[in-house]
Amino acid sequence: MKIASWNVNSLRVRLPQVLDWLQSHPVDILCLQETKLVDDEFPAAAVEEAGYHVVYAGQKTYNGVAILSTQEAADVVTDLPSMDDPQRRVLGATIGKLRVLNVYIPNGQSVDSEKYRYKMDWLQRLQDYVAQQLRLYPQFILLGDFNIAPEEADVHDPELWAGKVLFSDAERQAFRRLIALGLHDTFRKFSQPENTFSWWDYRAAAFRRKLGLRIDHILCSTALYEQCVTSTIDQDPRKWERPSDHAPAVAEFASSSDIAPRIPQAGEES
DNA sequence: ATGGTGGCGCGGCCA
């Protein structure tokens with residue numbers, strides 16, 4: 001069972017790349033962030049033609065999340081409890097025996113901004129919700145664009161980024177509090193190539209210069225962590241023409257009995 | 001160098 005997360009920075013622009021990537025990386029579940037589409041404009045038919053069910057929560061211009069899955073999603077939620085927020089950043093669903101929470105955590109802009117205070121408040125509410133979800137669902141996955149690089153190894157230049165948004169102490173502590181609830185960072189279960197990042201600024205040729213951060217994460221409950229056999233970041237799509245500024249993260253779990261096999265598409269090896 | 005690029009949508013916000 002493979003599950004992936006990808007901030008696509010406009011699904012209108014990136015849909016062909018998403019479909020191409022799925023052809024070569026046939027995951028069971030793909031969580032998207034920053035679709036930037038209202039629900040009426042979501043390309044549901046194209047996604048379904050590719051063999052996936054899909055649920056989504058979008059808005060105009062900003063944010064927007066979606067979950068593509070081979071098995072149909074149930075019990076969909078689109079908000080954190082106690083939060084009446086027009087920003088579409090949350091999509092929770094049950095897929096097979098798995099409870100999935102796809103998040104686009106606020107960016108925070110800069111540590112002295114109102115957006116940063118919104119981010120920290122958002123993280124507190126997320127923590128409360130995740131604590132509750134972990135009690136309800138032994139097989140729980142929290143994944144998405146966290147806009148937090150948790151450790152020094154996740155930052156190309158930790159000294160440069162010290163105290164800055166995406167790597168501030170308060171954000172990193174909030175990330176550690178999520179982990180302390182009983183989650184695990186699947187990426188760090190395995191030895192990884194140095195300087196593996198998931199996001200590179202479009203400006204200043206950051207990707208070519210390997211000036212990135214690892215801010216997209218796949219976290220899971222202990223029961224799933226034991227079953228996790230790979231967790232990687234596929235940096236290839238960042239090399240493509242007109243790419244997203246994020247690369248997809250992919251985790252694989254050994255137990256797959258509760259996940260229906262994906263239907264092979266025309267022209268594809270079965 | 002307080003910039004740079006990209007998406008949305010057509011001026012300025014957001015990342």
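Here is the naming used below: chain letters follow the sequence lines, and residue numbers restart at 1 for every chain. No experiment lies behind these values; they were computed from the predicted model shown.
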In whole angstroms, the gap separating P of B/dA15 from CH2 of A/W161 amounts to 14 Å

Say you pick atom P in B/dC13 and the same atom in B/dG3; how far apart are they, in whole Å?
14 Å

To the nearest angstrom, the CZ-P distance between A/R238 and B/dT5 comes to 13 Å

To the nearest angstrom, the CG-P distance between A/D201 and B/dG7 comes to 13 Å

- Task: Rounded to whole angstrom, note down the C1' distance from B/dC14 over to B/dG9.
- Result: 13 Å

Do A/K189 side-chain atoms and A/Y225 backbone N/O form a donor-acceptor pair below 3.5 Å? yes

**OP:** Would you please confirm or rule out a distance under 4.0 Å between OP1 or OP2 of B/dG9 and any side-chain N or O of A/T61?
**Re:** yes

Worked check of salt bridge (Lys or Arg N to Asp or Glu O under 4.0 Å) between A/R125 and A/D121: CA-CA 6 Å; A/R125 293 170 191 267; A/D121 174 65; 2.9 Å; yes

DNA chain B nearest-nucleotide lookup for A/D245 and A/L11: closer to the 5′ end is A/L11

Closest of B/dG9, B/dC14, B/dG6 to the A/Y202 side chain is B/dG6

Expected list for residues 102-118 of chain A near DNA chain B, using heavy atoms below 4.0 Å, is A/Y104, A/N107, A/K115

Between NZ of A/K36 and C1' of B/dC13 the distance, given in whole Å, is 10 Å

Whole-Å distance, A/R89 CZ to B/dC14 P, equals 11 Å

Contacts of A/N9 and A/Y62 projected onto DNA chain B by closest heavy atom; the upstream (5') one is A/N9

Taken to the nearest whole Å, NZ/A/K119 to C1'/B/dC14 is 14 Å

A/Y62 meets the side chain to side chain contact (heavy atoms under 4.5 Å, CB included) criterion, sequence neighbours left out, with A/Q59

A/W199 atom CH2 is separated from B/dG6 atom C1', nearest whole Å, by 12 Å

Within the sub-3.5 Å range, which N or O atoms of nucleotides 2-4 of chain B have a protein N or O partner, and how far apart are they?
unit_1	atom_1	unit_2	atom_2	d
B/dG4	O6	A/R203	NH1	3.0

Heavy-atom closest pair (A/W161 atom, A/W199 atom, distance to 0.1 Å) is CH2-CZ3, 4.2 Å

Taken to the nearest whole Å, CD/A/Q59 to C1'/B/dC13 is 13 Å

(request) Indicate whether the side chain of A/Q132 and that of A/D128 have a donor and an acceptor atom separated by less than 3.5 Å. (result) no

Q.
Please tell me if A/R242 has a side-chain N or O lying less than 4.0 Å from either OP1 or OP2 of B/dG7.
A. yes

Next item on the list: Keeping the roles fixed (side chain from A/S198, backbone from A/D216), state whether a donor-acceptor pair exists under 3.5 Å.
Entry: yes

Taking only the P atom of each, what is the distance from B/dA1 to B/dG12 in whole angstrom? 28 Å

- Query: Given the rule in the salt bridge (Lys or Arg N to Asp or Glu O under 4.0 Å) test, do A/D154 and A/R172 qualify, once you have shown the distances and angles that lead to the verdict?
  - Reply: CA-CA 11 Å; A/D154 302 315; A/R172 295 172 64 192; over 6 Å; no

Pair A/K36-A/N9, side-chain hydrogen bond (donor to acceptor under 3.5 Å, both in side chains): steps then yes or no: CA-CA 7 Å; A/K36 299 187 174 179; A/N9 185 21; 2.8 Å; yes

- Query: With a 3.5 Å cut-off and no angle check, do the side chains of A/N63 and A/R89 form a donor-acceptor pair?
  - Reply: yes

Would you please classify the geometry between the A/H156 ring and the A/F197 ring as parallel, tilted or perpendicular, with 30° and 60° separating the classes?
-> perpendicular

